[in-house]
**Student:** 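Below: one structure in structure tokens.
These figures come from a predicted structure and were not determined experimentally.
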Amino acid sequence: MVVVFEFAEAENVLRLTLTGEITDQAILELWTKGLPIATARTNCRSIVDISGVTRFNVSTRAIDTLAKRQGPDLPTRIFVAPNDVVYGTTRMFQMLSETTRKNVHVVRTLDDAYKLLGIESPKFTPISTLELG
């Protein structure tokens with residue numbers, strides 16, 4: 001799995017774009033290696049775009065493990081998941097993490113995410129790229 005981190009300064013939005021195969025190992029590794037990148041931008045809103053995933057092989061155990069971990073204190077988190085299986089699993093994560101994260105949303109398209117944030121054409125600049133799992 002490859003994760004590209006980008007930031008739109010004017011809108012204060014951090015976007016993570018995931019592509020390739022997502023596995024338990026990759027998603028847990030993303031938590032470890034990606035957390036410092038996410039927390040470096042205080043109080044930013046975030047979008048995690050999962051629409052470029054080619055294979056989704058994540059167990060409910062890994063989802064539960066991540067949901068129980070305390071996440072960074074971000075005002076809004078939006079997951080973009082157009083695929084039915086990925087959407088359902090991400091909604092499960094949303095429900096399981098209600099006590100550890102606030103303002104988590106799951107939408108089907110990037111445009112839906114932008115609408116939810118009240119932005120139209122954010123200008124993202126690359127921050128970092130990680131190859132995981």
Side-chain angles (χ1 to χ4, degrees):
M1 172 175 77
V2 175
V3 182
V4 176
F5 292 81
E6 301 168 293
F7 189 67
E9 190 169 348
E11 294 83 2
N12 197 29
V13 176
L14 176 68
R15 181 173 68 190
L16 287 71
T17 304
L18 285 61
T19 56
E21 179 181 2
I22 297 181
T23 63
D24 286 359
Q25 178 185 344
I27 205 79
L28 294 170
E29 193 176 342
L30 172 59
W31 176 264
T32 304
K33 293 183 178 178
L35 191 60
I37 298 168
T39 56
R41 289 177 170 57
T42 57
N43 236 3
C44 71
R45 303 172 295 170
S46 71
I47 297 172
V48 179
D49 184 2
I50 316 171
S51 56
V53 169
T54 55
R55 187 161 184 243
F56 190 79
N57 191 18
V58 179
S59 69
T60 54
R61 182 175 176 216
I63 296 297
D64 188 52
T65 298
L66 284 178
K68 290 177 180 173
R69 292 182 181 173
Q70 187 65 41
D73 190 23
L74 303 175
T76 305
R77 293 174 177 85
I78 302 172
F79 292 87
V80 178
N83 174 289
D84 288 341
V85 171
V86 178
Y87 182 87
T89 305
T90 308
R91 287 277 293 127
M92 181 176 64
F93 172 78
Q94 177 187 24
M95 289 183 270
L96 290 171
S97 64
E98 287 178 343
T99 59
T100 56
R101 288 163 190 79
K102 53 188 172 186
N103 294 321
V104 174
H105 306 274
V106 183
V107 297
R108 294 283 190 166
T109 69
L110 202 49
D111 284 340
D112 290 341
Y114 293 159
K115 285 177 191 171
L116 192 59
L117 292 174
I119 58 179
E120 288 188 21
S121 299
K123 304 287 188 249
F124 287 96
T125 55
I127 298 171
S128 183
T129 300
L130 298 175
E131 287 194 43
L132 307 170

**Student:** Does Arg55 have any salt bridge (charged side-chain N to carboxylate O under 4.0 Å, His left out) partners at least two apart in sequence or in another chain, and if so, which?
**Tutor:**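 Here the qualifying residues are Glu21.
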**Student:** Judged by atom type as modelled, is there a donor-acceptor pair below 3.5 Å linking the side chain of Asn12 to the main-chain atoms of Arg45?
**Tutor:**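 No; zero donor-acceptor contacts below 3.5 Å.
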**Student:** Taking all non-hydrogen atoms of both residues, which atom of Val107 and which atom of Ala113 are closest, and how far apart?
**Tutor:**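 The answer is CG2-N, 3.9 Å.
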**Student:** Using every non-hydrogen atom in the two residues, find where Ala62 and Asp24 come nearest and quote the distance to one decimal.
**Tutor:**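 Here Ala62 and Asp24 meet closest at CB-OD1, 3.4 Å.
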**Student:** Out of curiosity, Tyr114 OH to Glu120 CD, how far, rounded to the nearest 0.5 Å?
**Tutor:**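 Here the rounded value is 12.0 Å.
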**Student:** Please report the shortest heavy-atom distance between Ala8 and Phe124, naming the atom on each side.
**Tutor:**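 Of all heavy-atom pairs spanning Ala8 and Phe124, the closest is N-CD2, 3.5 Å.
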**Student:** How far apart are the closest heavy atoms of Ala67 and Thr100, and which atoms are they?
**Tutor:**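 Looks like O-OG1, 2.6 Å.
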**Student:** Whether Arg15 engages the ring of Phe5 as a cation-pi pair (distance to the six-membered ring centre under 6.0 angstrom, angle to the ring normal within 45°) should be assessed.
**Tutor:**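 Because its charged atom misses either the 6.0 Å distance or the 45° angle limit, Arg15 does not stack over Phe5.
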**Student:** Step by step, work out the side chain to side chain contact (heavy atoms under 4.5 Å, CB included) result for Met92 and Thr89.
**Tutor:** CA-CA 5 Å; Met92 181 176 64; Thr89 305; 4.2 Å; yes
**Student:** Group every Ile, Leu, Val, Met, Phe, Trp and Tyr by side-chain heavy-atom contacts under 4.5 Å, then state whether Leu110 and Val53 land in the same group.
**Tutor:**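 Each belongs to a different hydrophobic cluster.
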**Student:** State the CG-CG distance between Leu35 and Leu30, to the nearest 0.5 angstrom.
**Tutor:**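 Here the rounded value is 9.5 Å.
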**Student:** State plainly whether one hydrophobic cluster holds both Leu14 and Ile119, where clusters connect Ile, Leu, Val, Met, Phe, Trp and Tyr through side-chain heavy atoms under 4.5 angstrom apart.
**Tutor:**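 Per the 4.5 Å side-chain linkage, Leu14 and Ile119 are not co-clustered.
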**Student:** Can you find a pair of side-chain heavy atoms, one from Glu9 and one from Thr125, that are under 4.5 Å apart?
**Tutor:**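 Side chain of Glu9 against side chain of Thr125, heavy atoms only: no contact under 4.5 Å found.
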**Student:** Give the minimum heavy-atom separation between Asn103 and Pro75, together with the two atoms involved.
**Tutor:**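 Looking at all heavy atoms of both residues, the shortest contact is ND2-O, 2.8 Å.
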**Student:** Any chain of hydrophobic side-chain contacts (each under 4.5 Å) joining Val58 to Phe79?
**Tutor:**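 Per the 4.5 Å side-chain linkage, Val58 and Phe79 are co-clustered.
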**Student:** Identify whether Leu28 and Phe56 are in the same connected component of the hydrophobic contact network (ILVMFWY, side-chain heavy atoms under 4.5 Å).
**Tutor:**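 Leu28 and Phe56: one cluster.
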**Student:** Please step through side chain to side chain contact (heavy atoms under 4.5 Å, CB included) for the pair Ile22 and Ile50, ending with a clear verdict.
**Tutor:** CA-CA 9 Å; Ile22 297 181; Ile50 316 171; 3.8 Å; yes
**Student:** On a heavy-atom basis, which atom in Met1 and which in Ile27 lie closest, and how many Å separate them?
**Tutor:**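 Looking at all heavy atoms of both residues, the shortest contact is CE-N, 4.4 Å.
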**Student:** Do the side chains of Ile47 and Leu66 join up, straight or via other hydrophobic residues, at under 4.5 Å, putting them in one cluster?
**Tutor:**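 No; Leu66 is not reachable from Ile47 via cluster members.
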**Student:** Give the intermediate values and the outcome of side chain to side chain contact (heavy atoms under 4.5 Å, CB included) for residues Arg101 and Arg77.
**Tutor:** CA-CA 9 Å; Arg101 288 163 190 79; Arg77 293 174 177 85; 3.7 Å; yes
**Student:** Looking at Tyr87, does the NZ or CZ of Arg108 lie under 6.0 angstrom from its six-membered ring centre and within 45 degrees of the ring axis?
**Tutor:**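 Yes; both conditions hold, so Arg108 lies above the ring face of Tyr87.
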**Student:** Calculate, to the nearest 0.5 Å, the distance between atoms CD1 and CG belonging to Ile78 and Asp112 respectively.
**Tutor:**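 So the CD1 of Ile78 and the CG of Asp112 are separated by 9.5 Å.
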**Student:** Decide yes or no for Val3 and Lys33: does some side-chain heavy atom of the first lie under 4.5 Å from some side-chain heavy atom of the second?
**Tutor:**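 They are not in contact (no side-chain heavy atoms under 4.5 Å apart), so the answer is no.
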**Student:** May I ask you to decide whether Asp111 forms a salt bridge with Lys115, counting only side-chain N to carboxylate O separations under 4.0 Å?
**Tutor:**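 Salt bridge between Asp111 and Lys115, a charged N being under 4.0 Å from a carboxylate O: no.
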**Student:** Report yes if some heavy atom in the side chain of Thr129 is under 4.5 Å from a heavy atom in the side chain of Val2; otherwise report no.
**Tutor:**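 A side-chain contact exists here, since the closest heavy-atom pair is under 4.5 Å.
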**Student:** For Arg41 and Val13, indicate whether the former's side chain and the latter's backbone hold a donor-acceptor pair under 3.5 Å.
**Tutor:**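 Flag not set: sc Arg41 to bb Val13 has no pair under 3.5 Å.
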**Student:** Apply the side-chain contact (heavy atoms from CB on, under 4.5 Å) test between Ser128 and each candidate in Ile37, Val4, Leu16; give the one that qualifies.
**Tutor:**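 Single pass found, and it is Ile37.
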**Student:** Taking atom types as modelled, find out whether Thr17 and Asp49 have a side-chain donor-acceptor pair closer than 3.5 angstrom.
**Tutor:**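 Thr17 vs Asp49: no donor-acceptor pair found between side chains.
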**Student:** With rounding to the nearest 0.5 Å, note down the distance linking NE2 in His105 to OG1 in Thr90.
**Tutor:**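 Separation between the atoms: 14.0 Å.
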